[in-house]
Amino acid sequence: MKSCIYLRVSTQKQGFNGLGIQAQRDICLNYIKNSGHEFISEFSDVESGKNRNRPGLMQAIDFCKKNDCELEFARLDRLARDVEFTFKVINTGIKVYFCDMPQLNTLILGVMAAVAQYERELISQRTKAALKAKREKGGTSDLWGSKNGNRNRSEAIKKASGISATNRREKAQNKPENKAFWEFITDWQAIHGRITASTDWQIIADELNKRCKKTSTGLPFTKNRARAMYASLQNIYND
């Protein structure tokens with residue numbers, strides 16, 4: 001069985017915290033390894049779970065149809081918190097697997113998707129109620145407590161978030177292990193051609209270990225670690 005993985009976070013910040021991109025990737029790759037499947041490719045989106053506009057997911061579905069692959073998700077809510085959309089994906093005919101629910105069937109899926117949607121609706125209701133209570137208490141327009149300061153605060157947060165993301169990106173780019181790995185990949189592609197879904201990562205891992213290179217966390221390379229590191233650094237170095 002060939003497998004692809006789909007990764008989703010709601011914001012760029014989640015890529016570094018909680019069930020971020022790397023955590024989801026590790027869960028899916030671990031399942032693929034233990035199942036004896038062949039990892040083919042990965043797809044991702046930075047979108048809210050209620051947003052149906054998912055270019056990465058659509059690409060994943062098309063790829064799985066054309067290549068007869070199973071599509072792996074770390075958790076059900078990484079697909080969506082929307083019952084209708086969840087079943088729309090299921091009904092595309094591709095095989096899907098949720099690592100947090102290995103015994104999933106259609107009935108359980110319906111229940112879990114409904115619960116996920118209900119949780120999303122509760123969050124929305126609580127937010128609206130909090131805003132209403134704040135307005136009634138102090139005549140303010142939002143939770144920040146200031147009509148006039150609202151826009152400035154929002155802009156300040158966006159700016160700070162952008163600076164933070166830039167700092168994290170630069171830190172990742174300048175990390176010695178990352179730089180050494182990407183320099184190796186650049187040289188490899190210059191000699192052997194562009195890395196594709198059919199690239200033999202075991203050969204790359206063996207060569208990296210032969211050169212005493214380490215992963216970002218200081219571990220020796222396996223084919224899965226090399227593949228995962230390449231996937232995580234693509235957006236950092238290829239911008």
Side-chain angles (χ1 to χ4, degrees), residues 1-10 12 14-15 19-47 49 51-80 85-86 88-100 102 104 172 178 181-182 184-208 215-216 221-239:
M1 171 64 71
K2 295 180 290 186
S3 290
C4 295
I5 63 177
Y6 174 73
L7 315 169
R8 181 186 67 80
V9 289
S10 298
Q12 289 289 353
Q14 284 186 328
L19 195 68
I21 289 292
Q22 188 58 50
Q24 294 177 52
R25 181 182 292 117
D26 290 343
I27 290 170
C28 292
L29 289 177
N30 186 57
Y31 160 72
I32 291 171
K33 178 182 178 181
N34 291 337
S35 301
H37 291 189
E38 178 187 3
F39 174 76
I40 301 299
S41 187
E42 75 171 47
F43 302 85
S44 62
D45 284 308
V46 180
E47 294 288 353
N51 191 344
R52 297 187 179 191
N53 181 23
R54 308 269 199 84
L57 180 57
M58 296 304 106
Q59 291 172 13
I61 292 171
D62 289 341
F63 184 90
C64 288
K65 284 182 178 179
K66 293 175 182 176
N67 296 278
D68 191 26
C69 294
E70 182 176 271
L71 186 57
E72 323 297 353
F73 299 83
R75 289 192 335 207
L76 173 59
D77 65 359
R78 296 305 86 198
L79 169 54
F85 184 70
T86 297
K88 182 178 179 181
V89 173
I90 300 301
N91 290 334
T92 57
I94 66 170
K95 298 176 182 177
V96 299
Y97 183 88
F98 300 97
C99 295
D100 62 333
L104 188 68
N178 291 348
F181 175 83
W182 201 255
F184 171 85
I185 290 296
T186 301
D187 293 341
W188 178 275
Q189 291 188 115
I191 298 171
H192 301 280
R194 182 173 173 270
I195 288 176
T196 66
S198 61
T199 295
D200 189 339
W201 284 97
Q202 188 60 60
I203 295 177
I204 292 178
D206 291 343
E207 186 61 29
L208 284 164
T215 68
S216 298
F221 280 96
T222 64
K223 65 178 182 180
N224 285 340
R225 287 172 184 165
R227 183 192 297 115
M229 191 165 175
Y230 171 75
S232 66
L233 293 180
Q234 272 186 299
N235 292 333
I236 293 176
Y237 287 100
N238 287 342
D239 191 15

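Residue indices begin at 1 and follow the sequence shown.
Atoms CD1 and CD1, on I61 and I94 in that order, are 5.0 Å from each other to the nearest 0.5 Å. The line from CZ of F73 to CD1 of I27 is 13.5 Å long, rounded to the nearest 0.5 Å. Considering CD of Q22 and CG of L29, their distance stands at 8.0 Å, rounded to 0.5 Å. To the nearest 0.5 Å, atom CE of residue M58 and atom CG of residue N53 are 8.5 Å apart. Atom CD1 in I90 sits 9.0 Å away from atom CG in L71 (nearest 0.5 Å). One finds the OG atom of S35 at 9.0 Å from the CG atom of N30 (value rounded to the nearest 0.5 Å).
Using a 4.5 Å heavy-atom cutoff, the side chains of K33 and N224 are in contact. Two residues are said to be in side-chain contact when any heavy atoms from C-beta on lie closer than 4.5 Å; E47 and R52 fail this criterion.
Applying the side chain to side chain contact (heavy atoms under 4.5 Å, CB included) test to D68 and every residue at least two apart in sequence or in another chain returns nothing. Residues passing the side chain to side chain contact (heavy atoms under 4.5 Å, CB included) test with Q202 are D200, A205, D206, K223, sequence neighbours excluded. Among residues two or more places apart in sequence or in another chain, the side chain to side chain contact (heavy atoms under 4.5 Å, CB included) test is passed with Q189 by I185, R194, I195, Y230.
Side-chain atoms of D45 come within 3.5 Å of backbone N or O of L57 as a donor-acceptor pair. Judged by distance alone, the side chain of R8 and the main-chain N or O of D77 form a donor-acceptor pair under 3.5 Å.
Between F85 and L79 the shortest heavy-atom distance is CE2-O, 4.2 Å. What you find for S10 and V46 is that their closest heavy atoms are O-CG1, 4.0 Å. Heavy atoms only, all atoms of each residue included: S3 and H37 are closest at OG-ND1, 2.9 Å. Here the closest heavy-atom approach between residue C28 and residue C99 is recorded as CA-SG, 4.1 Å. Smallest separation of non-hydrogen atoms from K65 and T92: CE-O, 3.3 Å. Summarising the geometry of V9 relative to Q24, their closest heavy-atom pair is CG1-NE2, 3.7 Å, with the distance given to 0.1 Å.
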Subject >> Full working for side-chain contact (heavy atoms from CB on, under 4.5 Å) between T199 and W201 >> reply: CA-CA 6 Å; T199 295; W201 284 97; 4.2 Å; yes

Original post:
Run the side-chain contact (heavy atoms from CB on, under 4.5 Å) check on R54 and Q59 step by step: do they pass?
Top reply: CA-CA 9 Å; R54 308 269 199 84; Q59 291 172 13; over 6 Å; no

Original post:
Can you list the steps and then say if F184 with E207 is a side-chain contact (heavy atoms from CB on, under 4.5 Å)?
Top reply: CA-CA 10 Å; F184 171 85; E207 186 61 29; 3.5 Å; yes

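Taking the six-membered ring for Trp and the full ring otherwise, Y6 and F43 have centroids separated by 6.0 Å or more. For an aromatic pair to be called close, the ring centres must be under 6.0 Å apart, and Y97 with Y31 satisfies this.
With respect to R25 and E42, a salt bridge is recorded, a charged nitrogen being found less than 4.0 Å from a carboxylate O.
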